[in-house]
Amino acid sequence: MTCRILFIEDNKQDVELMMHELVRAGFENDYQQVSTKQDFLDALETFKPDIILADYTMPVFNGMHAFRLFKDRKLDIPFILVTGSLTESLAMECQSEGV
């Protein structure tokens with residue numbers, strides 16, 4: 001079974017790295033990469049992901065913004081926030097939002 005992954009990420013190399021690790025772990029994946037709010041909303045409707053991996057730090061549209069939109073739609077799929085650096089305050093913010 002193929003897993004449909006929606007990446008909210010503005011860096012193609014980061015997506016390639018995550019895909020490499022998923023394939024290495026034995027997952028078969030179909031994926032789409034978006035980096036704007038509108039592309040994210042469109043992908044939720046047309047791509048219908050099984051899981052969302054979202055970059056926390058992007059200049060305009062970021063993982064927390066995406067998570068708030070995701071929560072409003074009450075989707076029953078995993079939403080994973082990805083970050084290269086996690087501070088205690090960031091962890092608390094994410095936890096208070098429900099991530």
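Just so it is clear, the structure is predicted and the values come from calculations on it, not from any experiment.
Residues Phe7 and Leu75 do not share a hydrophobic cluster, defined by chaining ILVMFWY side chains whose heavy atoms lie under 4.5 Å apart. Phe61 and Val34 fall within a single hydrophobic cluster, where Ile, Leu, Val, Met, Phe, Trp and Tyr are joined by side-chain heavy atoms under 4.5 Å apart, directly or via other members. Linking Ile, Leu, Val, Met, Phe, Trp and Tyr residues whenever their side-chain heavy atoms come within less than 4.5 Å leaves Ile80 and Leu17 in two separate clusters. Hydrophobic clustering (side-chain heavy atoms under 4.5 Å, transitive across Ile, Leu, Val, Met, Phe, Trp, Tyr) groups Phe79 together with Tyr56. One hydrophobic cluster, built from ILVMFWY side chains closer than 4.5 Å, holds both Tyr31 and Leu53.
Residue pairs satisfying the salt bridge (charged side-chain N to carboxylate O under 4.0 Å, His left out) criterion with at least one member in residues 32-41, sequence neighbours excluded, are absent. For the side chain to side chain donor-acceptor pair (under 3.5 Å) condition, the pairs that include at least one residue of residues 13-26, sequence neighbours left out, are Glu21-Arg24.
Nearest heavy atoms, Gly63 versus Ala54: CA-CB, 3.9 Å. The two residues Ser35 and Glu9 make their nearest non-hydrogen contact at CB-O, 3.7 Å. Smallest separation of non-hydrogen atoms from Ala43 and Pro49: O-CD, 3.8 Å.
To the nearest 0.5 angstrom, Ile77 atom CD1 is 7.0 Å from Leu44 atom CG. Here the CE-CD1 distance, from Met19 to Ile5, works out to 5.5 Å after rounding to the nearest 0.5 Å. Rounding to the nearest 0.5 Å gives a distance of 9.5 Å between CG of Asp55 and CD1 of Ile8. Note that CD of Gln33 is 8.0 Å distant from CE of Met18, once rounded to the nearest 0.5 Å. The CZ atom of Phe27 sits 12.5 Å away from the OG1 atom of Thr2 when rounded to the nearest 0.5 Å. Between the OG1 atom of Thr36 and the CG atom of Leu41 there is a distance of 8.5 Å, given to the nearest 0.5 Å.
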Residues 64-71, side-chain donor-acceptor partners within the protein, below 3.5 Å, at least two apart:
| unit_1 | atom_1 | unit_2 | atom_2 | d |
| --- | --- | --- | --- | --- |
| Arg68 | NE | Glu97 | OE1 | 3.3 |
| Arg68 | NE | Glu97 | OE2 | 3.4 |
| Arg68 | NH2 | Glu97 | OE2 | 3.2 |
| Lys71 | NZ | Glu97 | O | 3.0 |

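The side-chain contact (heavy atoms from CB on, under 4.5 Å) check on Arg4 picks up Asp30, Phe47, Lys48, Asp50, with sequence neighbours excluded.
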